[in-house]
Asker: 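Starting off with a structure, shown below.
Chain identifiers are assigned alphabetically (A, B, ...) following the order of the sequence lines, protein sequences preceding nucleic acid strands; residue numbering begins at 1 within each chain.
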Amino acid sequence: MSEWRKLPLSLTELCIDTTLRCGQSFRWQKIDDEWNCVLHGRLLSLKQDESFLHYRVAWPRNASSSRKPTSSPKAKDGIEIKQEDDTEALLGHYFSLKHDLTALYDQWSESDPNFKKKAPKFTGIRILSQDAWETLVSFICSSNNHISRISQMVHKLCIHYGPLIGHIGDEAFHDFPSPQALTGKSVETHLRQLGFGYRAKYIVQTAMAVSMQKPEGWLESLINPDNPGWAVVSIPTEDEPITYKRAHEELLLLSGVGPKVADCVCLMGLGWSEAVPVDTHVWQIAQRDYRFGKAKTKTFSKAMYHSVGDHFRQIWGPQAGWAQSVLFTANLKSFAEQATANPEPVGITVDIKQEAESESMVSAKKRQATASIEQIKVEYDEPSNNRRISRKRRKIRS
DNA sequence: AATGGACCTTGTGC
DNA sequence: AGCACAAGGTCCA
């Protein structure tokens, strides 16, 4: 293990205690106030105080057991940089530290009174830039499932199929398995035995698609070029540049990947910060706090799915997925105590009262009051104005 | 194209 | 204790 190092970082810019527990990553383990996880072939430990993020790193003795042994960055002259040296850069990428979170919270609070009300108790929540493949498999596991069980399943994947990186006490830490590692003949049966249920088949089929059917580097080609991945060489293509919409469509072709999982991968694994995964929580939030139509149907349609995302993108802007994660966390049962606790700093409740009289509150209420199922469907169609869409709109109204 | 069930298993609340 | 129900949904008929 290296010595502890530190990055100057306030708790409002990043709170690892919340960010690492809110259902984005399922692999971090807290041991005695330290968060531990294998990231890109190294065992990372984090702890935080009011002013600093402290970190240390341990590399496996046998570097070849790492999934990406050749991925360590090289200097321009070809000399390999000491491996530890890129860990700070890795953290900066993983937590997307280039974004000013306080400024973003201010912006979302200004355009959304509900965000302004909920966010003060949930500061420092960031969207993680995770490995695309890990994100894909993790959220295939997430379907119709609890966060605790998802974590359990992801842990089992690593233990049984991922390379061992190191130990903390008696606890073994593995990296996430490669797609190839999950394509074996007996994997599906084994995963069922391990309690994956019907997701076992999805995982194996998707692993086969990514490692055998899709071209090399396909998943990485879906990464937002403005938010590039870690240690991923972008392969220039003759195709038109990738968009969020196309990345989403491509992911939908995979087994076990529907619109919600595809959005999770877009947001947390591919750097598309406008992606808003609409799950049961976000649907509850949309209905309860944003006057979305009370649907009689338990499962909402594809049009409904997109209308919710479009609505939030309209309110929160191009980083809507980041704002969504704050309200999502505030809505989690495991954070219920935090949501209802009296805020420590005085003055916040005063701000909320003042906000009730503000211009944005009034206009937002007016906008929300008109929302109904019909309105939602129309709104969904409005961004485009081609012929196909307008025909669709007529159909809905008739 | 849209809608209703089935689906594995575990955690939670009564 | 034991049972119903929900869980960061997706697939298929």
Asker: Under 4.0 Å between any heavy atoms, over every strand shown, what does A/L254 touch: base, sugar-phosphate, or nothing? Just pick one.
Answerer: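 Answer is sugar-phosphate: A/L254 comes under 4.0 Å of backbone atoms only.
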Asker: Given atom CD of A/E188 and atom C1' of B/dC7, what is their separation to the nearest angstrom?
Answerer: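 Taking CD of A/E188 and C1' of B/dC7, I get 14 Å after rounding.
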Asker: Can you tell me which nucleotide in B/dC8, C/dG8, B/dG13 comes closest to the side chain of A/Y198?
Answerer: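 Selected nucleotide (nearest to the side chain): B/dC8.
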Asker: Using Watson-Crick and G-U wobble pairs with both distances under 3.5 Å, what is the 5'-to-3' dot-bracket string of DNA chain B, with [ ] for crossing pairs and | for pairs outside the strand?
Answerer: ..|||||.||||||
Asker: Can you figure out which of C/dG9, B/dG11, C/dC11 approaches the side chain of A/Y202 most closely?
Answerer: C/dC11
Asker: Assign each of A/V261 and A/R149 to its nearest nucleotide of DNA chain C by heavy atoms, then name whichever residue's nucleotide is nearer the 5' end.
Answerer: A/R149
Asker: Rounded to whole Å, please give me the gap between CG in A/L136 and P in C/dT10.
Answerer: 12 Å
Asker: Give the ring-plane orientation class for A/W230 versus A/H93, where under 30° counts as parallel, over 60° as perpendicular and anything between as tilted.
Answerer: tilted
Asker: Which part of the nucleic acid does A/R192 contact within heavy-atom distance under 4.0 Å: base, sugar-phosphate only, or nothing?
Answerer: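 Sugar-phosphate, no base atom in range.
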Asker: Describe the nucleic acid contact of A/V257 in one word from base, sugar-phosphate, nothing, applying a heavy-atom distance below 4.0 Å.
Answerer: sugar-phosphate
Asker: Remember a base hit wins even if backbone is also touched, and classify A/Q284 as base, sugar-phosphate or nothing at under 4.0 Å, heavy atoms.
Answerer: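 Contact class for A/Q284: sugar-phosphate only.
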Asker: Let's go through A/K260 and A/S142 carefully: what are the C-alpha distance in whole Å and the side-chain angles of both, what is the deciding distance for side chain to side chain contact (heavy atoms under 4.5 Å, CB included) to 0.1 Å, and is it a yes or a no?
Answerer: CA-CA 10 Å; A/K260 188 269 172 181; A/S142 79; 3.9 Å; yes
Asker: On the 0 to 90° scale, with breaks at 30° and 60°, tag the A/H248-A/H306 ring pair as parallel, tilted or perpendicular.
Answerer: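 Rings of A/H248 and A/H306: perpendicular, as their planes differ by over 60°.
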Asker: Looking across every strand, which nucleic acid part, if any, lies under 4.0 Å from A/G256 by heavy atom: base, sugar-phosphate, or nothing?
Answerer: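 Since only primed, P, OP1 and OP2 atoms lie under 4.0 Å of A/G256, the category is sugar-phosphate.
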Asker: Which nucleotide in the list B/dT3, C/dG9, C/dA7 gets nearest to the side chain of A/D279?
Answerer: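 Shortest atom-to-atom distance from the side chain points to C/dG9.
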Asker: Strictly below 4.0 Å: does A/Q24 bring a side-chain N or O up to OP1 or OP2 of C/dG8?
Answerer: no
Asker: Report yes if some heavy atom in the side chain of A/K121 is under 4.5 Å from a heavy atom in the side chain of A/F335; otherwise report no.
Answerer: no
Asker: Using whole Å, report how far NZ of A/K201 lies from P of B/dC8.
Answerer: 8 Å
Asker: If we only count heavy atoms from C-beta on, is the A/D86 to A/H40 side-chain gap below 4.5 Å?
Answerer: no
Asker: For A/C22, which contact category applies under a 4.0 Å heavy-atom criterion: base, sugar-phosphate, or nothing?
Answerer: base
Asker: Between A/S143 and A/Q152, name the one whose nearest nucleotide on DNA chain B is closer to the 5' end.
Answerer: A/S143
Asker: 5'-most contact on DNA chain C: A/S255 or A/N145, nearest heavy atom basis?
Answerer: A/N145
Asker: Under 4.0 Å: is that the gap between some side-chain N or O of A/T280 and OP1 or OP2 of C/dA7?
Answerer: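 Checking C/dA7 against A/T280, a side-chain N or O does come within under 4.0 Å of OP1 or OP2.
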Asker: Expressed in angstrom and rounded to an integer, what is the separation of A/I127 atom CD1 from C/dG8 atom C1'?
Answerer: 12 Å
Asker: With no hydrogens and no angle check, do the side chains of A/R21 and A/S334 hold a donor and an acceptor under 3.5 Å apart?
Answerer: no
Asker: When you compare C/dC5 with B/dC7, how far apart are their C1' atoms, in angstrom units rounded to a whole number?
Answerer: 15 Å
Asker: Could you state the NE2-C1' distance from A/H146 to B/dT12, rounded to the nearest angstrom?
Answerer: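 The distance from NE2 of A/H146 to C1' of B/dT12 comes to 7 Å, rounded to the nearest Å.
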Asker: For A/K333 and B/dG11, give me the distance from atom NZ to atom P, rounded to whole Å.
Answerer: 12 Å
